[in-house]
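The model shown is predicted, which means the values in this text are computed figures rather than measured ones. Residue numbers begin at 1 in each chain, while the letters A, B, ... track the order of the sequences. Atoms considered below: every heavy atom in the structure, side chains included; atoms not considered: hydrogens, waters and symmetry mates.
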Number of protein chains: 2
Amino acid sequence: MEIPKELRDSGLKATLPRLKILELFQQSDVRHLSAEDVYRLLIRDNIDVGLATIYRVLMQFAEARILWRRQFEGERAVFELSASEHHDHMVCVDCGKVEEFIDEAIERRQSLIAKQRGFMLRDHSLSLYGSCSSCTALAPNTLK
Amino acid sequence: MEIPKELRDSGLKATLPRLKILELFQQSDVRHLSAEDVYRLLIRDNIDVGLATIYRVLMQFAEARILWRRQFEGERAVFELSASEHHDHMVCVDCGKVEEFIDEAIERRQSLIAKQRGFMLRDHSLSLYGSCSSCTALAPNTLK
DNA sequence: TTTGATGCAAAGGATTTGCAAATTT
DNA sequence: AAATTTGCAAATCCTTTGCATCAAA
């Protein structure tokens, strides 16, 4: 029995697509994957699966809190393992690189602000958009 | 000559659709409007315009920094006048209401974090998701 | 076996694009 | 007149659904 507890706990059946998708997120060094990304990677590994299934599983994983669904401005949705610590994102608008960060001061202010307004906080999303050091170094005048 | 400076400065021709769309954002008491919203409002005012034009103009306005394009998690894109102060958003996941807020402490931390990582900050988006006071009051047990 | 899951193809919703006609400068 | 812009319809992109078949419990 090697069914990962995440799956077991979710009440979802341990099917091949689900096992492989979970495995993919756990092993991939790329943290954020879109449905299409997952699809390509599985196909590349000779795993016969349909895109629709990917979308369904990703959605179920998000509901089961196994994954987080993120949608950066104007981009397609991406998913990432939720097992990791909560964090925010810094997205390079030039090369697309995504760095993660966490700032306790900001976290605290958010809770405070929500509380002050009688808001029951469920989730939040903070993304900084800009040019990473590599990109500004490579093309300092390309900034349009 | 009553061509708004925003338009004049943008280099875009002062066409009826553009004038009306700008006017709409400046007069509407609703801050966030989707392309579809704008379309309906203009049609309602007997202004014959196509949806495609709305999308094009909204995009051009965003590029010209007249409007900001926002995309809250899983929702369609909405636009808002950028003339107003910068602010973040608090979205009620139950009724959809959007409140705005600004917190200097958070703003400062963001700049600091970006600077520490050699990131040239261009924009950022912070959205808190939760249940507003009205919704938690009305249906305290409906939280699924 | 019973229930849930999958793949495929079709359907959807939001947004974009090609193009000829209409408008602005 | 020259350069844009528009409306329409068709095209795209991403995501969701219907359904008959297949697999897990």
Side-chain angles (χ1 to χ4, degrees), chain A residues 1-24 32-43 45-64 66-79 96, chain B residues 1-22 24 32-40 42-43 45-64 66-79 96:
Chain A
M1 304 286 102
E2 343 208 4
I3 300 178
K5 44 259 149 257
E6 294 96 314
L7 251 188
R8 172 144 291 169
D9 295 346
S10 71
L12 298 168
K13 287 184 178 176
T15 63
L16 191 70
R18 299 217 258 242
L19 288 169
K20 289 299 181 182
I21 291 175
L22 181 53
E23 191 181 305
L24 184 59
H32 304 88
L33 298 171
S34 68
E36 185 84 28
D37 293 334
V38 171
Y39 179 66
R40 290 221 193 83
L41 289 170
L42 293 188
I43 291 299
D45 288 352
N46 285 323
I47 295 166
D48 183 43
V49 62
L51 225 202
T53 299
I54 307 284
Y55 273 104
R56 272 183 295 231
V57 172
L58 253 21
M59 171 80 90
Q60 293 161 337
F61 280 6
E63 284 173 353
I66 295 173
L67 297 176
W68 277 113
R69 178 194 155 105
R70 306 277 177 202
Q71 181 143 34
F72 299 127
E73 293 288 327
E75 293 177 22
R76 54 166 64 161
V78 291
F79 295 77
Chain B
M1 304 284 102
E2 345 209 2
I3 300 179
K5 45 254 147 261
E6 294 95 316
L7 251 188
R8 172 143 292 169
D9 294 346
S10 71
L12 297 168
K13 287 184 176 176
T15 62
L16 190 70
R18 299 217 258 243
L19 288 168
K20 289 300 179 181
I21 290 176
L22 181 53
L24 184 59
H32 304 86
L33 298 171
S34 68
E36 185 84 29
D37 293 335
V38 171
Y39 179 66
R40 290 223 193 80
L42 293 187
I43 291 298
D45 287 352
N46 285 324
I47 295 166
D48 182 42
V49 62
L51 225 202
T53 299
I54 307 284
Y55 274 104
R56 273 183 293 231
V57 171
L58 253 21
M59 171 81 89
Q60 295 161 336
F61 280 7
E63 285 172 352
I66 295 173
L67 296 177
W68 277 113
R69 178 196 156 103
R70 306 278 176 201
Q71 181 143 33
F72 300 126
E73 294 287 326
E75 293 177 22
R76 55 165 64 158
V78 291
F79 296 78

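For Gln60(B), the side-chain hydrogen bond (donor to acceptor under 3.5 Å, both in side chains) partners two or more places apart in sequence, or in a different chain, are Arg18(B). For Ser34(A), the side-chain hydrogen bond (donor to acceptor under 3.5 Å, both in side chains) test picks out Asp37(A), Arg76(A), with sequence neighbours left out.
One distance of note links CD1 of Ile21(A) with CG of Leu42(A); it measures 6.0 Å at 0.5 Å rounding. From Phe61(B), atom CZ reaches atom CD1 of Ile54(B) across 10.0 Å, with rounding to the nearest 0.5 Å. In this structure, Met59(A) CE and Phe79(A) CZ are separated by 7.0 Å, a value rounded to the nearest 0.5 Å. Here Glu73(B) contributes atom CD and Glu75(B) contributes atom CD; the two are 9.0 Å apart, rounded to the nearest 0.5 Å. Remark: Ile47(A) CD1 to Leu41(A) CG distance equals 9.5 Å, nearest 0.5 Å. Taking CD of Glu23(A) as the start and CG of Leu16(A) as the end, the distance is 9.0 Å to the nearest 0.5 Å.
Whole-Å rounding puts the Arg18(B) CZ to dT5(D) C1' distance at 6 Å.
Contact record, Leu19(A) with Pro4(A): CD2-CD, 3.7 Å, taken as the closest heavy-atom pair. Across all non-hydrogen atoms, the minimal contact from Gly50(A) to Tyr39(A) is C-CE1, 4.0 Å.
Nucleotides of DNA chain C lying under 4.0 Å from heavy atoms of chain B occupy a range whose first and last members, 5' to 3', are dA14(C) to dT25(C).
Checking each of Leu33(B), Val57(B), Leu58(B), Leu22(B) against Leu67(B) for a side-chain contact (heavy atoms from CB on, under 4.5 Å) leaves exactly one that passes, namely Leu58(B).
Listed for the Gln71(A) side chain is a donor-acceptor partner under 3.5 Å among the backbone atoms of Gly74(B).
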Quick one: which protein N/O atoms are closer than 3.5 Å to N/O atoms of nucleotides 20-25 of chain D? Pair and distance per line, please.
unit_1	atom_1	unit_2	atom_2	d
dA24(D)	N3	Lys13(A)	NZ	3.4

Below 3.5 Å is the cut-off: list the nitrogen or oxygen pairs between protein and nucleotides 14-16 of chain D, distance only.
unit_1	atom_1	unit_2	atom_2	d
dC14(D)	OP1	Arg76(A)	NE	3.4
dC14(D)	OP1	Arg76(A)	NH2	2.7
dC14(D)	OP2	Arg76(A)	NH2	3.3
dT15(D)	OP1	Ala77(A)	N	3.1
dT15(D)	OP2	Tyr55(A)	OH	2.6
dT15(D)	O5'	Tyr55(A)	OH	3.4

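The terminal axes of the helix from dT1(C)-dA25(D) to dT25(C)-dA1(D), fitted over 5 pairs per end, subtend an angle of 30° to the nearest 10°.
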